[in-house]
Amino acid sequence: MKTTVRLALVGDYHPSITAHQAIPKAVELAAQRFNISIHADWLATETITDDPASLSHFDAFWCTPGSPYRSTEGAIRAIRFAREQNKPFLGTCGGFQHAIIEYARNVMDWQDAGHGETDTEGRLVIAALACEMVEKQGSVTLLEGSIPAKAYATLEIEEGYRCRYGINTEFQSALAGQSLKMVGHDAAGEVRAIELPGHPFYVATLFQPERAALKGELPPLVAALIQAASI
């Protein structure tokens with residue numbers, strides 16, 4: 001097990017964002033749990049280039065809330081690197097949304113895949129939710145045997161959100177036909193968590209599990225990410 005983990009926090013840090021307040025606390029709690037050092041660096045999206053050398057020294061990636069990002073392409077580059085290089089990856093809220101876009105573009109070859117918040121043309125795989133989840137709690141049912149189910153040690157969880165966008169139901173069946181796995185759904189059956197089988201650790205959630213850290217609790221998925229990165 002590694003004694004030091006280098007974690008890339010992909011996103012445009014702003015101290016007023018609740019999730020950004022929670023993330024350093026979650027990282028600190030994980031370091032205490034596993035008795036390791038975690039060097040977490042915020043990567044502003046507009047600074048992320050196509051040069052793999054700029055990302056290769058990181059052990060894990062966390063694409064954080066706070067979209068729209070200053071550079072959609074920068075965020076997608078980091079997500080693609082983590083997916084293709086088998087680096088442990090967690091995407092939360094905006095990270096979930098952009099993980100879907102990255103997969104649609106680079107695996108499904110939907111080069112016009114976009115986000116309903118920032119794009120007006122193409123296949124908007126991310127669209128406005130039927131019901132906004134801004135500062136709301138919601139129940140999520142996890143797929144048995146999935147990474148999130150193992151992390152939480154239960155199939156029924158309650159988590160907090162701050163989002164207005166999720167997977168466009170028009171494209172959900174096409175996405176579900178890929179190797180990408182839908183592993184968490186809300187009471188209405190809408191997708192709230194995904195994972196990528198065959199990858200060492202690749203999970204994304206529309207909810208913000210990091211918020212547990214504000215109550216002094218280590219978020220299970222953050223623990224699972226760090227554990228995967230430290231192997």
Side-chain angles (χ1 to χ4, degrees), residues 9-14 16-20 22-23 45-46 48 61-80 82-83 89-108 110-141 148 157-176 178 180-196 202-211 221:
L9 300 174
V10 179
D12 306 315
Y13 177 77
H14 197 286
S16 69
I17 297 176
T18 301
H20 292 187
I23 287 169
T45 55
E46 75 270 26
I48 301 171
F61 291 77
W62 182 351
C63 194
T64 69
S67 63
Y69 303 124
R70 291 197 290 267
S71 172
T72 295
E73 299 306 318
I76 287 175
R77 288 185 192 111
I79 295 169
R80 182 176 189 173
R83 180 179 57 80
F89 171 81
L90 176 64
T92 57
C93 196
F96 169 96
Q97 297 162 9
H98 287 74
I100 295 296
I101 295 170
E102 189 281 323
Y103 192 89
R105 288 186 184 180
N106 297 319
V107 178
M108 300 173 70
W110 290 3
Q111 295 302 316
D112 62 344
H115 196 304
E117 187 174 24
T118 54
D119 301 313
T120 57
E121 298 179 349
R123 281 176 274 209
L124 303 182
V125 294
I126 299 299
L129 295 169
C131 179
E132 287 189 3
M133 296 295 288
V134 177
E135 297 305 326
K136 292 183 179 179
Q137 292 285 120
S139 61
V140 178
T141 299
I157 62 174
E158 187 87 8
E159 283 287 2
Y161 296 80
R162 184 179 173 79
C163 66
R164 296 180 174 88
Y165 292 84
I167 292 178
N168 188 336
T169 54
E170 182 180 338
F171 300 111
Q172 185 168 319
S173 60
L175 288 163
Q178 301 293 310
L180 197 69
K181 202 168 184 179
M182 314 298 175
V183 297
H185 296 80
D186 70 359
E190 294 194 16
V191 179
R192 295 292 181 258
I194 61 166
E195 67 179 52
L196 187 59
Y202 188 103
V203 176
T205 70
L206 193 59
F207 53 84
Q208 297 184 351
E210 56 267 35
R211 287 178 172 234
L221 285 174

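Computed from a predicted structure; not experimentally measured.
Between the CD1 atom of Ile79 and the NE2 atom of His98 there is a distance of 7.0 Å, given to the nearest 0.5 Å. Going from atom CG of Leu124 over to atom CZ of Phe171 covers 7.0 Å, rounded to the nearest 0.5 Å. Here the CD-OG1 distance, from Glu102 to Thr72, works out to 13.0 Å after rounding to the nearest 0.5 Å. With rounding to the nearest 0.5 angstrom, the CD1 atom of Ile194 is 6.5 Å from the CD1 atom of Ile167. Note that CZ of Arg83 is 11.0 Å distant from CD1 of Ile76, once rounded to the nearest 0.5 Å. Asp186 contributes atom CG, which lies 13.5 Å from atom CD of Glu159 (distance to the nearest 0.5 angstrom).
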message = Please determine whether side chain to side chain contact (heavy atoms under 4.5 Å, CB included) holds for the pair Leu206 and Leu129, giving the CA-CA distance in whole Å, both sets of side-chain angles, and the decisive distance to 0.1 Å.
response = CA-CA 11 Å; Leu206 193 59; Leu129 295 169; 4.2 Å; yes

key: Verdict with reasoning, Glu46 to Asp12, per side chain to side chain contact (heavy atoms under 4.5 Å, CB included)   = CA-CA 9 Å; Glu46 75 270 26; Asp12 306 315; 3.6 Å; yes

task = Show the numbers, then the answer: is there a salt bridge (Lys or Arg N to Asp or Glu O under 4.0 Å) between Glu73 and Arg80?
result = CA-CA 10 Å; Glu73 299 306 318; Arg80 182 176 189 173; over 6 Å; no

request  = Would you please test Ile17 and Arg162 for side chain to side chain contact (heavy atoms under 4.5 Å, CB included) and show each step?
outcome  = CA-CA 10 Å; Ile17 297 176; Arg162 184 179 173 79; over 6 Å; no

message = Determine whether Val140 and His185 satisfy the following criterion, side chain to side chain contact (heavy atoms under 4.5 Å, CB included), listing intermediate values before the conclusion.
response = CA-CA 5 Å; Val140 178; His185 296 80; 6.0 Å; no

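The heavy-atom pair separating Pro68 from Glu117 by the smallest distance is CD-OE2, 3.4 Å. Closest approach of Gln208 to Arg211, counting heavy atoms only: OE1-NE, 2.7 Å. In plain terms, the two heavy atoms of Ala78 and Val10 that are nearest each other are CB-CG2, 3.8 Å. The minimum heavy-atom distance linking Leu221 with Pro148 is given by the pair CD2-CA, 3.9 Å. Here the shortest heavy-atom pairing between Asp119 and Gly114 reads OD2-CA, 3.2 Å. Taking both residues in full, the closest heavy atoms of Thr64 and Tyr69 are given as O-OH, 2.6 Å, listed atom of the first, atom of the second, then distance.
Remark: the backbone N or O of Tyr165 is paired with a side-chain donor or acceptor of Gln97 at under 3.5 angstrom. Within the 3.5 Å criterion, the main-chain N or O of Ile48 finds a donor-acceptor partner in the side chain of Arg77. The backbone N or O of Ala113 sits less than 3.5 Å from a side-chain atom of Arg105, completing a donor-acceptor pair.
Around atom CD of Glu158, more than 12 heavy atoms belonging to other residues, nucleotides or ligands sit under 6.0 Å away.
Ring geometry, Tyr13 versus His20: the interplanar angle falls under 30°, so the pair is classed parallel (tilted spans 30 to 60°).
The ring of Tyr202 has its center closer than 6.0 angstrom to the ring center of Phe89.
Residues Thr18 and Pro65 form no side-chain contact, since every pair of their non-hydrogen atoms from C-beta on lies 4.5 Å or further apart. Taking 4.5 Å as the limit, every side-chain heavy atom of Val125 sits out of range of all side-chain heavy atoms of Tyr103.
Of the charged side-chain nitrogens involved, at least one lies within less than 4.0 Å of a carboxylate oxygen, so that Glu132 and Arg164 count as a salt-bridged pair.
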